[in-house]
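Structure, as structure tokens:
As the structure lists them, so they are numbered: ligands from 1, and atoms in each ligand from 1. The first residue of the sequence shown is numbered 1, and numbering continues consecutively from there.
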Amino acid sequence: MHIPDIIIAIDGYSSTGKSSFAKIIANEFSFLYLDSGALYRGVTLFAIENGFITDDSAIDVPGLTEALKNLDIHFGPCGTYMGERCIEKEIRSLEVAGKVSPIATVPQVRNYVDRKLREFGKKKRIVMDGRDIGTTVFPDAELKLFMTADPMIRAQRRAAEMQAKGQEVDLDDVLRNLQERDYIDSHREISPLTQAEDAVVLDNSHMTMQDQLEWLKGLIRERFDC
Ligand code: DC
């Protein structure tokens with residue numbers, strides 16, 4: 001199936017499988033995949049390692065803002081890089097997951113990430129996932145999906161993913177982290193997680209990846225007559 005040169009924006013709650021689905025779409029249609037959450041996670045790792053998050057979880061916003069001027073986070077063969085260093089593994093830890101939502105509320109951080117995403121997204125044939133791609137980063141994206149799923153199913157999926165990587169997990173901790181992130185992501189002042197008016201909802205609680213891909217292909221055929 002050959003689809004036109006479009007941008008596909010995927011937004012939705014944490015652990016709804018946005019990035020797995022986006023990677024499959026990228027592979028199926030030869031699109032470039034951009035993971036916007038990885039940039040927020042990269043900034044969070046940077047903030048933790050450089051003391052911009054204090055022990056009581058407060059953020060040194062002026063210090064972090066200044067440091068962002070020289071921060072190089074980008075994508076490459078191993079996934080996400082900070083300068084030359086591959087940070088793909090560290091940014092997926094529960095420590096980073098626990099601090100990323102507050103970091104993503106900082107307007108200067110959002111500006112930093114938006115600038116990078118828009119730069120990467122100059123070309124079409126891109127699939128990008130996040131929380132505000134269809135509403136803020138690429139409001140003109142030709143196809144917008146909003147992904148959701150039952151919270152317990154999401155927590156089970158995330159826990160299984162972490163266990164597969166050899167990390168110790170407690171399902172209640174994972175569920176709590178998801179619910180906290182849902183709350184912060186949906187209630188922050190700037191670019192909260194909301195469904196774009198023209199987004200199509202995909203509830204994948206009871207769908208396999210194959211079901212989702214078939215569903216998407218049907219939607220694309222209908223929408224773009226291809
Ligand atoms: O998709 P993810 O779980 O890797 O995202 C990590 C965090 O980054 C998430 O809790 C909220 C934030 N985020 C955001 O605010 N806006 C985006 N476009 C993507 C992620």
- prompt: Going by the ring-ring contact (aromatic ring centres under 6.0 Å, His included) test, which pairs reach into residues 72-111, not counting sequence neighbours?
  reply: H74-Y81, F75-F120
task: Tell me which part of K99 gets within contact of ligand 1: side chain, backbone, both or neither, using heavy atoms under 4.0 Å.
output: neither
message: Within ligand 1, which atoms have a heavy atom of G37 less than 4.0 Å away?
response: 4 (O), 5 (O), 19 (C), 20 (C)
- request: Mark yes when over 12 heavy atoms from residues, nucleotides or ligands other than F224 sit less than 6.0 Å from its CZ; otherwise mark no.
  value: yes
query: Counting both backbone and side chain atoms, is some N or O of S36 under 3.5 Å from an N or O of ligand 1?
result: yes
- prompt: Can you tell me which residue and heavy atom of the protein come closest to atom 10 (O) of ligand 1, and the distance to 0.1 Å?
  reply: S101 OG, 3.0 Å
field: Under 4.0 Å to a heavy atom of R110 - the qualifying atoms of ligand 1, by number
entry: 14 (C), 15 (O), 16 (N)
query: So does D170 have more than 12 non-hydrogen atoms from other groups sitting under 6.0 Å from CG?
result: yes
Side chains of S101 and D185, donor plus acceptor under 3.5 Å: yes
query: When you measure from atom 9 (C) of ligand 1 to every protein heavy atom, which one gives the shortest distance, and what is it?
result: R131 NH2, 3.3 Å
message: Do the side chains of E142 and K124 get close enough for a salt bridge, i.e. N-O under 4.0 angstrom?
response: yes
task: Verify, without hydrogens or angle tests, whether T136 (side chain) and I133 (backbone) share a donor-acceptor contact under 3.5 angstrom.
output: no
- prompt: Just distances here: any N/O of R41 and N/O of ligand 1 closer than 3.5 Å?
  reply: yes
message: How about OH on Y13, more than 12 heavy atoms from neighbouring residues, nucleotides or ligands closer than 6.0 Å, or not?
response: no
- request: Around atom 12 (C) of ligand 1, find the nearest protein heavy atom and jot down its residue, atom name and distance.
  value: A104 CB, 3.8 Å
query: Backbone N or O of K23 within a donor-acceptor pair of the N27 side chain at under 3.5 Å?
result: no
- request: Consider every N or O of R158 and every N or O of ligand 1, then say whether any pair is closer than 3.5 Å.
  value: no
D132 N/O to ligand 1 N/O under 3.5 Å: yes
message: Heavy atoms only, cut-off 4.0 Å: how does R181 contact ligand 1, side chain, backbone, both, or neither?
response: side chain
